[in-house]
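First up is the structure itself, then whatever we jot down about it.
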Amino acid sequence: MAHNLSQKILRDHLVSGKMEPGSEISIRIDQTLTQDATGTMAYLQFEAMGVPRVRTKLSVSYVDHNMLQQDFMNADDHQYLQSVAAKFGIYFSRPGNGICHQVHRERFGVPGETLIGSDSHTPTGGGLGMIAIGAGGLDIALAMGGEAYVISMPKILGVKLVGSLQPWVSGKDIILELLRRLTCKGGINKIIEYHGQGVDTLSIGDRFTITNMGAELGATTSIFPSDKVTKGYLEAQGRGNAWKELSADKDAAYDRVDIRLHIENDARAIAALKEGSAISLTISQPDKSGFVNVEFDGITIDLNKLEPLIAQPHSPDNVIKVSELAKQNIKADQACIGSCTNSSYYDLSIAAHMLKGNSINPNTSFTLTPGSKQVFEMIARNNELADIISSGARILESACGPCIGMGQAPPSGGVTVRSFNRNFEGRTGTMDAKAYLSSPETATATALVGKIADPREVAKDLNIAPLDREEPGKYLINDSMIIPPATDSEKVEIVRGPNIKPIPQFDEMPETIKGKVLLKAGDNISTDHISPAGAKVLPLRSNIPAISEFTFTRIDQEFPKRCREWGGGFVIGGDNYGQGSSREHAALSPRFLGVKAVIVKIFNRIHRANLINFGILPLTFADANDYATIDFADELALENIREQLKAVGQKGQVVLKNLTKNKEIKLSYDLTERQKQILFAGGMLNMAKRSR
Ligand code: MIC
Ligand code: SF4
């Protein structure tokens, strides 16, 4: 039988289960990665498992998120991570070496292998033809211990690319176009596989930008074939022997997929899908709440027709043409190039090329972050750095930086145009800032003229020729900032500063879950809302009692206090609940504060898995209209919940009593036997302890 590329790699790594969409499969994991902000928790959990050395082919620990070192806490975390890596057989990428996803693809990624990482943008590796998936820290710890990774088999959505990109249009515009058509929930439970002649025309950098930001579609991962372009890149990185050719079988098919969209709220996406790009599309009649089921066999994007695009505040799928916004004269206070989406050598080079001989606008601050030491050193040695500095732009060290609110917050109510991947409210560090997401070309054009600008127009006005999108034939290789694990690991002492606190202990699931509605949230709640990041909070990632005090405070200052006063309870949410980061703190902190169940319309995959791992019951409304029947502070009860969950199989319904309204409603669950056992035990760690 003919297979597509995703199926082939999954089949080669399958440990158990049937590869039928929706059923649980477990796969062997070749590589893992962690970053500092989720890594400390992952390694504390790994230590608790008592495994002497990682059992993967390769595990790497990166430090890239928090490098401000405002006090001892941050520096202590770095020391802990370095010593744990040395002891347990893990490579350590030092602070300054670059952003995990950028460095991983440069130095470690291997076509055809599996990678899981405690960061939601781990799918970047799909640009090399890997199955690369973001997960919670505990899942990474288990994989490092040699356990297979469990997921529900996704559907494979085929995206066919035809034609080739026009000057000043780049990979970022392709993924923004997909976000426009599919929305942030369109990729949920899907792998997005790119195919077609247009793939051959894309540089490796374009491919990485696309697979990286597939995370914003909610996709399990995204993947490109491993072809001549991949070979050239690996050879230029001195790793030609890691290459192998990989693509879908000739007559392989893709799955028919469905997306639940709202007839009004998602009108733009529905219209875009109808434009003819979605293959054999059908749309159901709207239900009572205005939702339709959109079904199709695949999508085609004509690269010739693509224009520069931009995502407007406050969601990556709020996409329109840059040319339309440019007409509105929107003054930009800031522009930024960087983040794991667009900080490659080409991204910095195109900016340098546009800046050469020009000055940035006096009212716009322009920051550039080379994604890795390799990129930084290369632009330094070929003088592009000089062109950047001379233009008045500000250069930052190779790290996540402004992408995660670690500095460079825009002014009050300010406009910032960023080559990043997320623009959730408040993520910049300024609550009322307006963040736009664009290509590096658009961000640089904006910095030059001081308002949101179309790079094609700016290039014409300033007489800038387009740059060849070819990658260099040889990258500068210097791995001095990557420390291999110790050979005499018994001698390594783990350094544990006072900020490294043990993981809290949790109780088993009770027979009946009872409590009040602590918070009623709307649609698209991101993990940034649940457990914010930024300079104030990130240093507390290894200290659950302390970080819990920030839970939900972006939308409700009183949340932690109320949890204590009411003795925990329920959280209610809408569509796409828990989108964004893979941080397990968004499950751990609510659990620490006593949240026992979360009831929403649709969950994000990684966050839902994290809730289960930490013993919080994830349920969805059987009828989405029931969302309206529950109010803040209502008293709810799930009586005999263990019995109710045991009674039926993987998918079923339980009864929720609303004691305040004297009303019963039905809630749905989708839990495998293993997931039920994790929840009954009060979380994965309790369960793992029992089985040892
Ligand atoms: C993000 O982009 O939100 C982060 C910060 O990289 C997170 C990880 C984290 O919260 O530490 C992610 O994407 O998973
Ligand atoms: Fe870092 Fe931003 Fe990428 Fe997250 S999205 S890994 S914060 S650069």
Hey, are the side chains of Asp479 and Arg107 touching, using non-hydrogen atoms and a 4.5 Å cut-off? yes
Pick one: which of Val54, Ile116, Ile90 meets side-chain contact (heavy atoms from CB on, under 4.5 Å) with Thr32? Ile116
His353 vs Trp168 aromatic rings, parallel, tilted or perpendicular, using cut-offs 30° and 60°? parallel
Between Asp36 and Arg541, is there a salt bridge with N-O shorter than 4.0 Å? no
So, taking the atom named CD1 in Ile337 and the one named CG in Leu355, what distance separates them when rounded to the nearest 0.5 Å? 7.5 Å
Is a side-chain donor or acceptor of Thr430 paired with a backbone partner of Pro410 at a separation under 3.5 angstrom? yes
Could you walk me through whether Leu182 and Ile299 pass side chain to side chain contact (heavy atoms under 4.5 Å, CB included), step by step? CA-CA 10 Å; Leu182 298 178; Ile299 279 193; 3.6 Å; yes
Does one side chain, of Tyr345 or Asn382, offer a donor that lies under 3.5 Å from an acceptor on the other? yes
Is it the case that Trp243 and Thr230 place a side-chain donor and acceptor less than 3.5 Å from each other? no
Look at atom CG of Asn463 and say whether more than 12 heavy atoms of other residues, nucleotides or ligands are closer to it than 6.0 Å. no
Could you tell me whether Arg239 atom CZ has more than 12 heavy atoms of other residues or ligands within 6.0 Å of it? yes
Salt bridge (charged side-chain N to carboxylate O under 4.0 Å, His left out) for Asp227 and Arg207? Distances and angles first, verdict last. CA-CA 12 Å; Asp227 58 7; Arg207 299 177 187 191; 2.9 Å; yes
Donor-acceptor pair between Asn212 and Thr341 side chains, under 3.5 angstrom: yes
Do Arg418 and Ser438 have side-chain atoms, one donor and one acceptor, less than 3.5 Å apart? no
Hey, does Val60 have a side-chain heavy atom less than 4.5 Å from the side chain of His104? yes
Pairing of Asp206 and Arg469 as salt bridge, 4.0 angstrom limit: yes
Side chain proximity check, Asp432 to Ser412, heavy atoms < 4.5 angstrom: yes
Regarding Glu307 and Arg456, does a basic nitrogen lie under 4.0 Å from an acidic carboxylate oxygen? yes
In terms of side-chain heavy atoms, does Asn342 have a donor or acceptor partner in Ser419 at a distance below 3.5 Å? no
So do the side chains of Ile210 and Leu202 get within less than 4.5 Å of each other, counting heavy atoms only? yes
How about Asn66 and Pro539: do any of their side-chain heavy atoms sit closer than 4.5 Å? yes
Assess, by modelled atom type and distance only, whether the side chains of Glu193 and Ser6 contain a donor and an acceptor separated by less than 3.5 Å. yes
4.5 Å side-chain heavy-atom contact, Tyr436 and Lys434: yes
With no hydrogens and no angle check, do the side chains of Gln35 and Asp119 hold a donor and an acceptor under 3.5 Å apart? yes
Are Tyr233 and Tyr475 close enough that their ring centres sit under 6.0 Å apart? yes
Under a 3.5 Å cutoff, is there a donor and acceptor pairing between the side chains of Ser372 and Ser398? no
Do the charged groups of Lys321 and Asp173 touch, with an N to O distance under 4.0 Å? no
Is any side-chain heavy atom of Thr124 less than 4.5 Å from a side-chain heavy atom of His121? yes
Does the side chain of Ser343 come under 3.5 Å of the side chain of Asp347 through a donor N or O and an acceptor N or O? no
Could you check whether any side-chain heavy atom of Ser164 comes within less than 4.5 Å of a side-chain heavy atom of Asn304, counting everything from C-beta outward? yes
